[in-house]
Amino acid sequence: MSSEVRVRYAPSPTGYPHVGNIRTALFNWLFARHTGGRFILRIEDTDIARLVPGATEAILESLRWLGLDWDEGPEAGGEYGPYIQSQRLSLYREVAQQLVREGHAYPCYCSPQRLEEMRAEQQRRKQPPGYDRRCRHLSPVERTAAESSGITPVIRFRVPDEGQTTLSDLIRGPVTFDNGTLDDFVLLKSDGYPTYHLANVADDHAMRISHVLRAEEWLSSTPRHVLLYRALDWEPPLFAHLPMILGPDRSKLSKRHGATSLVEYREMGFLPECMVNFLALLGWSLDDKTELFSREELVGHFSLERISKTAAIFDREKLAWMNGVYLRRLSTEDFVRLSLPFLEKGLPPQAARPLSRDYVLQVSPLIQERARTLAEAPQLAEFFFVEDLAYSVDLLCGKELAPQSASEALKVSLARLQDLVPFDGASIEGVLRPLAAELGMKTGALFGLLRVATTGRTAAPPLFQTMAVLGKERCLRRIQAAIAKLEQKQA
RNA sequence: GCCCCCAUCGUCUAGCGGCCUAGGACACCGGCCUUUCAAGCCGGCAAUCGGGGGUUCGAAUCCCCCUGGGGGUACCA
């Protein structure tokens, strides 16, 4: 028996993977990479009714985006394939038949209606819901009748009436369940597809999975799985149930919580390196201070021992902060490359397309340290790309400046700037700083005025650099426009 | 209802019997820097360690009860 670590991420394509799903994938991946084991991807598409078109592709896409490469699975292949459960149906049927043969399972002919009535009755009597095991005790006559009725039965597992089942969870320690609280769950559905319980156990065994790292929501079904392994005489893998990631309302993550699918985070301008870093810290930590980890550091430090037991709420504010850190660490070239698509998409239509890469290269240093996500880039940089600025005249005057004096200051600035060559940051500063004194204005007041005139806002990147990037012609035009605005107001 | 898990600042967390008058981070509030914003730096606010019993010379750390939260309870995964 080999001690090689083989872990798997086994999503079902019933929706686009959200951060909780992907965090599970990440922990499996980290554990595999840390131990030098194998990371396997298996698609659990056994629920045809809930199958969502494109979901499988979204899963692969999410993993690829984060750089979580799989050693075996769809596209990668592997010696234990196929890795898509709908292509392994004969295996599950064989296992189910074996279980029936050996008396661990039995066919059940109960109709969905009967089950529903049974549950309603149980609820009315305030009794624990669960299959009443009617078909477990069919007389030979009843059985023959059921078989000839044309109903396709489901196969149910025969849970032992007595005893307890204990599993030793790597994170939570021993967990014990009374078998009496478990009902005879379905293994094979009437459509011939296996349930999660059967397929999961059969595949984990067939694929030689050594550790099952999955979300805590699975903890209560684990005794069923342990019972299955036992009935099959298979050695179960080691289990580690990961703490859940909850929405802001403390409930299980769902569409209700807004943007939760990973693909959406990419669209919102988060960097994959940041997502990996942030997700790793949801339920795992190294020490009392380290928060920023490269992928390599994560792989190097990751361990099951340091996974916490408590559910975590996904804090988007902190994610945004961390993304800002990652954004600022980027080289200008990388920032340009990554923000370009967001600018193309987010800038108003009047900005000339395609964007000049050269120009974006000049603008980028001015917005890079102000952005928390790439999607903020268009907003931050808009005035660099459009011709006409729309802003209120009141912005020019502010609280202290009279329209008259604002207008005069702008006229003098205009005259001084007109002949300025070269029009770079240092030269602009060389002209404007003395000018403030000359006009008897505080530097802040004059610079603020010019900032509004040239950018249309009170908060913008440093003025001189900004003006230099905008270019002389455009700055002069904008100052003239501002003067016009002021005169119009006074009239 | 029943079963299972969990419980430290608003949030993510450190803490695995004495280093804790509980540390870090986000957010928030000040200050510095500064032409605005952002970044950066400094400082502050913020957890009677959910409550109550034990054990111990000593408990956030161990045990029990309660409460609270979460998950499960499908021919879903």
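Letters go in sequence order (proteins before strands), and every chain restarts at 1.
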Discussion item. Treating primed atoms plus P, OP1 and OP2 as sugar-phosphate and everything else as base, which nucleotides of nucleotides 41-48 of chain B get B, S or - for protein heavy atoms under 4.0 Å?
Written reply: --------
Worksheet item: Do A:Glu121 and A:Arg124 meet the salt-bridge criterion of a basic N to acidic O distance under 4.0 Å?
Response: yes
Worksheet, complete the sentence: Taking B:U35, B:A27, B:C5 as options, the one with an atom nearest any side-chain atom of A:Thr443 is B:U35
Fill in: Ion pair A:Asp204/A:Arg214, N-O distance below 4.0 Å
no
Discussion item. Closest approach to the side chain of A:Ser12, judged atom by atom: which nucleotide of B:U13, B:A77, B:U73 is it?
Written reply: B:A77
Item to complete: State whether A:Ser285 places a side-chain N or O below 4.0 Å from either non-bridging phosphate oxygen (OP1 or OP2) of B:A14.
Response: yes
Worksheet entry | Span that lies between the P atom of B:G30 and that of B:C37, in whole angstrom | 13 Å
Item to complete: Can you tell me which residue pairs pass the side chain to side chain donor-acceptor pair (under 3.5 Å) test with a partner in residues 168-182 of chain A, sequence neighbours excluded?
Response: A:Gln164-A:Asp178, A:Thr165-A:Asn179, A:Thr166-A:Thr176, A:Asp169-A:His241
Item to complete: Check every strand shown and say whether A:Ser190 touches a base, only sugar-phosphate, or nothing at a heavy-atom separation below 4.0 Å.
Response: base
Response to the item:
Between A:Pro74 and the options A:Ile59, A:Ile84, A:Thr56, the side chain to side chain contact (heavy atoms under 4.5 Å, CB included) test singles out A:Ile84
Practice prompt. Using whole Å, report how far CD1 of A:Ile313 lies from C1' of B:G69.
Written response: 10 Å
Discussion item. Distance check needed: B:C75 C1' versus A:Leu51 CG, whole Å only.
Written reply: 16 Å
Worksheet item: Is the phosphate of B:U36, meaning OP1 or OP2, less than 4.0 Å from a side-chain N or O of A:Lys442?
Response: no
Item to complete: Would you please confirm or rule out a distance under 4.0 Å between OP1 or OP2 of B:A39 and any side-chain N or O of A:Arg370?
Response: no
Worksheet item: Tell me: NZ of A:Lys189 to C1' of B:C75, nearest whole Å?
Response: 7 Å
Item to complete: Name the closest nucleotide to the A:Lys252 side chain, picking from B:A77, B:C75, B:G71.
Response: B:G71
Discussion item. What I want to check is whether an N or O donor and acceptor connect the side chain of A:Arg50 with the base of B:C76 at under 3.5 Å.
Written reply: yes
Worksheet item: Using the C1' atom in both, what is the distance from B:C32 to B:C12, to the nearest Å?
Response: 29 Å
Worksheet entry | Gap in Å between the two P atoms, one belonging to B:G1 and one to B:G23, rounded | 39 Å
Worksheet item: Would you call A:Asp47-A:Arg50 a salt bridge at under 4.0 Å N-O?
Response: yes
Worksheet item: Which nucleotide in the list B:G24, B:U35, B:G10 gets nearest to the side chain of A:Arg451?
Response: B:U35
Practice prompt. Check every atom of B:G71, B:G24, B:C76 against the side chain of A:Glu291 and return the nucleotide holding the closest atom.
Written response: B:G24
Worksheet, complete the sentence: A:Met118 atom CE is separated from B:U73 atom P, nearest whole Å, by 14 Å
Fill in: Pairwise C1' distance, B:C20 and B:C76 [rounded to whole Å]
47 Å
Worksheet item: In terms of the nearest nucleotide of RNA chain B, which residue is placed more toward the 5' end: A:Ala445 or A:Tyr196?
Response: A:Ala445
Fill in: Nearest to side-chain heavy atoms of A:Trp321, which nucleotide of B:A27, B:C75, B:G70
B:A27
Worksheet entry | Salt bridge flag under 4.0 Å for residues A:Asp45 and A:Arg88 | no
Worksheet item: Which whole-number value in Å describes the distance from A:Arg250 CZ to B:G10 C1'?
Response: 11 Å
Worksheet item: When you measure from the side chain of A:Glu317, which nucleotide among B:U73, B:C26, B:U11 comes out closest?
Response: B:C26
Discussion item. So, OP1 or OP2 of B:C75: does either fall under 4.0 Å of a side-chain N or O from A:Arg156?
Written reply: yes
Item to complete: Compute both the distance and the angle, then confirm whether A:Arg156 meets the cation-pi test with A:Tyr131: under 6.0 Å from the six-membered ring centre, within 45 degrees of the axis.
Response: yes
Discussion item. Any base atoms under 4.0 Å from A:Phe314, or only sugar-phosphate, or nothing? Heavy atoms, all strands.
Written reply: nothing
Worksheet item: Under 4.5 Å between any side-chain heavy atoms of A:Phe423 and A:Ile428, yes or no?
Response: yes
Discussion item. Taking the P atom in each of B:A59 and B:C19, what is the distance between them to the nearest angstrom?
Written reply: 11 Å
Item to complete: Find the distance A:Leu319:CG to B:U11:C1' and express it as a whole number of Å.
Response: 13 Å
Worksheet entry | Between B:C4 (C1') and A:Met244 (CE): distance, integer Å | 13 Å
Item to complete: When you get a sec, tell me which of B:C76, B:U35, B:C26 is the closest nucleotide to the side chain of A:Asp315?
Response: B:C26
Fill in: Six-ring centre of A:Phe27, A:Arg23 cation under 6.0 angstrom, axis tolerance 45°
yes
Fill in: Short side-chain N/O contact to B:G70 OP1/OP2 from A:Lys309, under 4.0 Å
no
Discussion item. Just the rounded figure in Å: distance from C1' of B:U36 to CZ of A:Arg433.
Written reply: 13 Å
Worksheet entry | Lys/Arg-Asp/Glu bridge criterion (N-O < 4.0 Å) met for A:Glu273, A:Arg329 | no
Worksheet entry | First encountered from the 5' end of RNA chain B, between A:Arg306 and A:Glu217 | A:Arg306
Discussion item. Heavy atoms only, 4.0 Å cut-off, all strands: where does A:Pro223 land among base, sugar-phosphate and nothing?
Written reply: nothing
Item to complete: Establish whether the base of B:C76 is bridged to the side chain of A:Thr14 by a donor-acceptor pair shorter than 3.5 Å.
Response: no
Discussion item. Distance check, C1' atoms only: B:G44 and B:A25, in whole angstrom units.
Written reply: 16 Å
Response to the item:
Out of B:C26, B:G70, B:C75, minimum distance to the side chain of A:Val186 belongs to B:C75
Worksheet item: Expressed as a whole number of Å, how far does the C1' atom of B:C9 sit from that of B:G50?
Response: 14 Å
Discussion item. Tell me whether the side-chain N/O atoms of A:Thr46 come closer than 4.0 Å to OP1 or OP2 in B:A77.
Written reply: yes
Worksheet item: Got a sec, which residues hit ring-ring contact (aromatic ring centres under 6.0 Å, His included) with A:Phe177, two or more places apart in sequence or on another chain?
Response: none
Practice prompt. Select base, sugar-phosphate, or nothing to describe what A:Val175 touches, counting heavy atoms under 4.0 Å on all strands.
Written response: sugar-phosphate
Practice prompt. Could you work out the separation of B:G70 and B:U61 based on their C1' atoms and round it to a whole Å?
Written response: 23 Å
Item to complete: Would you mind classifying the nucleic acid contact of A:Pro243 as base, sugar-phosphate or nothing, using non-hydrogen atoms under 4.0 angstrom?
Response: nothing
Item to complete: Examine B:C75: is either OP1 or OP2 under 4.0 Å from a nitrogen or oxygen in the side chain of A:Arg119? Give yes or no.
Response: yes
Worksheet item: Under 4.0 angstrom, heavy atoms only, what part of the nucleic acid is A:Leu281 near: base, sugar-phosphate, or nothing?
Response: sugar-phosphate
Fill in: Side chain of A:Ala312 - closest among B:U13, B:G71, B:A77
B:U13
